[in-house]
Chemist: 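One structure, pasted below without further comment.
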Amino acid sequence: MLNVLKNLNRGEVKAILTQKKIPLFLQFTPNNNIYIRILDRSTLTNIVKRFLADLATEQPSILPLVQGSCTGQNFRPTIALIERLSGTSLLMIQKLLNHSHSTTTTIYTERVHTHSILLNKSKEFQHYLVDNALNGDIENRNKALKNKEFNEPVDQWLNCEAKRIWFKDHEVIAEWIAWEKAIRESEEELKFDNIVRWENYWLPRLVKFQSLISMVLEVDKRNALELAKHIKLPPLS
């Protein structure tokens with residue numbers, strides 16, 4: 001679009017080129033005095049609706065976007081997030097969203113930004129589930145336990161960006177508590193058996209479990225403590 005506009009020597013084109021962001025869609029009407037102009041937002045919405053409707057005939061996954069009301073409102077959160085991440089000022093975003101007060105814009109953009117972070121963490125968690133299902137199976141884990149070659153399954157997601165998703169799962173918190181207690185109570189024995197393994201393997205895990213538990217709400221921790229009493233862990237080595 002930018003290359004096309006640069007090749008047109010007209011006054012309205014120069015006005016468009018001075019804008020910070022060149023519109024993706026412009027209206028071309030050669031019979032009028034002004035034959036290139038910016039499209040109205042409602043026109044853009046209708047274009048998107050027609051495009052999605054046509055695409056849904058080939059891609060059924062697009063159908064939910066066209067069913068019911070598909071309006072420009074569907075894209076407001078995405079537009080607001082893009083503007084925020086692009087460094088656009090709060091005042092400009094306020095005008096774009098047509099908010100009366102800047103506080104409304106602040107709350108809206110913060111909520112959208114937070115929601116996008118949660119969605120990203122959810123995506124990371126889904127990747128973890130898929131990778132875990134593809135790369136490991138129960139039979140191999142059981143064999144490893146019998147051979148005392150135990151590797152904690154939780155290690156795979158201790159450093160995962162999505163680990164906060166677990167903070168409301170009482171069963172997972174119970175496992176943290178059980179492991180933290182088992183490692184802490186076996187500290188002297190583990191040091192005596194293999195001091196190097198303690199320092200390189202068990203101690204970092206003890207610290208990680210304690211760190212995770214410290215970020216759990218007390219009400220969730222109390223519920224998890226009861227569950228932890230019934231968890232049986234393999235021998236530590």
Side-chain angles (χ1 to χ4, degrees), residues 64 76-78 80-81 84-85 103-191 193-194 197-237:
R76 281 172 65 85
T78 302
L81 179 61
R84 169 176 171 148
L85 296 179
T103 52
T104 305
T105 308
T106 302
I107 295 172
Y108 184 83
T109 53
E110 285 293 337
R111 178 164 55 83
V112 170
H113 191 214
T114 302
H115 183 62
S116 68
I117 293 174
L118 292 176
L119 286 177
N120 186 60
K121 291 183 181 297
S122 179
K123 182 182 69 174
E124 294 286 344
F125 178 52
Q126 296 299 324
H127 281 308
Y128 158 74
L129 292 178
V130 173
D131 292 340
N132 192 53
L134 293 175
N135 298 330
D137 57 77
I138 298 176
E139 183 178 352
N140 289 336
R141 290 181 185 178
N142 290 337
K143 288 181 180 179
L145 289 177
K146 291 179 181 178
N147 295 328
K148 294 185 179 181
E149 297 174 357
F150 176 70
N151 289 314
E152 300 168 54
V154 74
D155 283 358
Q156 299 179 34
W157 52 264
L158 272 175
N159 296 318
C160 174
E161 287 296 323
K163 63 188 176 189
R164 288 183 180 273
I165 293 176
W166 296 96
F167 284 179
K168 286 294 182 181
D169 191 319
H170 294 167
E171 293 184 359
V172 173
I173 299 171
E175 289 187 13
W176 296 346
I177 294 173
W179 277 111
E180 191 276 336
K181 181 181 178 182
I183 297 172
R184 179 166 41 80
E185 293 180 349
S186 304
E187 178 178 349
E188 294 302 322
E189 181 181 349
L190 292 171
K191 285 181 179 179
D193 289 342
N194 191 330
R197 181 170 172 78
W198 163 259
E199 293 177 350
N200 296 331
Y201 185 85
W202 289 114
L203 181 58
R205 280 153 182 74
L206 175 61
V207 173
K208 287 179 181 179
F209 283 125
Q210 290 174 339
S211 176
L212 289 170
I213 294 171
S214 68
M215 290 186 281
V216 175
L217 296 177
E218 286 299 323
V219 61
D220 296 318
K221 190 183 299 183
R222 286 196 297 270
N223 293 328
L225 280 169
E226 292 300 317
L227 296 175
K229 296 177 182 178
H230 305 288
I231 294 179
K232 294 182 179 180
L233 300 176
L236 277 59
S237 61

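Just so you know, these numbers come straight off a predicted model, no measurement behind them.
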Chemist: For a 4.5 angstrom cut-off between non-hydrogen side-chain atoms, does Ile173 reach Trp176?
Modeler: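 The answer is yes, as the side chains (C-beta and beyond) meet within the 4.5 Å cut-off.
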Chemist: Roughly how far, to the nearest 0.5 Å, is the CH2 atom of Trp198 from the CD atom of Glu187?
Modeler: 4.0 Å
Chemist: Write down the atom of Leu203, the atom of Glu199, and the distance for their closest heavy-atom approach.
Modeler: CB-O, 4.1 Å
Chemist: Suppose we screen for side-chain contact (heavy atoms from CB on, under 4.5 Å). Which residues come up paired with Glu171, at least two apart in sequence or across chains?
Modeler: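 With neighbours one apart ignored, the set is Asp169, Leu227.
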Chemist: About how many Å separate CD1 of Ile177 and CG of Leu225, when rounded to the nearest 0.5 Å?
Modeler: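 Separation between the atoms: 4.0 Å.
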Chemist: Please round to the nearest 0.5 Å and tell me the distance separating atom CD1 of Ile213 and atom CG of Asp220.
Modeler: 13.0 Å
Chemist: Output all residues satisfying side-chain contact (heavy atoms from CB on, under 4.5 Å) with Thr106, sequence neighbours left out; order by chain, then residue number.
Modeler: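 With neighbours one apart ignored, the set is Leu90, Glu110.
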Chemist: Can you give me the closest heavy-atom contact between Pro77 and Val112, atom names plus distance?
Modeler: O-CG1, 3.3 Å
Chemist: Using the test side-chain contact (heavy atoms from CB on, under 4.5 Å), find all partners of Thr104 that sit at least two apart in sequence or belong to another chain.
Modeler: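 Result, side-chain contact (heavy atoms from CB on, under 4.5 Å) vs Thr104: His99, His101.
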Chemist: Within the supplied structure, the quantity of interest is the number of heavy atoms (other residues, nucleotides, ligands) at a distance under 6.0 Å from Lys181 NZ; does it exceed 12?
Modeler: no
Chemist: To the closest 0.5 Å, what do you measure between CZ (Arg111) and CD1 (Ile107)?
Modeler: 9.0 Å
Chemist: Which heavy atom of Leu233 sits nearest to which heavy atom of Ala178, and what is that distance?
Modeler: CD1-O, 3.5 Å
Chemist: Is Lys221 salt-bridged to Glu218, cutoff N-O under 4.0 Å?
Modeler: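 Looking at Lys221 and Glu218, the cut-off is met.
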Chemist: Taking the six-membered ring of Tyr201 as reference, does the NZ or CZ atom of Arg205 fall below 6.0 Å from its centre and within a 45° cone about the axis?
Modeler: yes
Chemist: Can you see which heavy atom on Thr109 is nearest to which on Ala80, and at what distance?
Modeler: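 Distance-wise, the nearest heavy atoms are CG2-CB, 4.5 Å.
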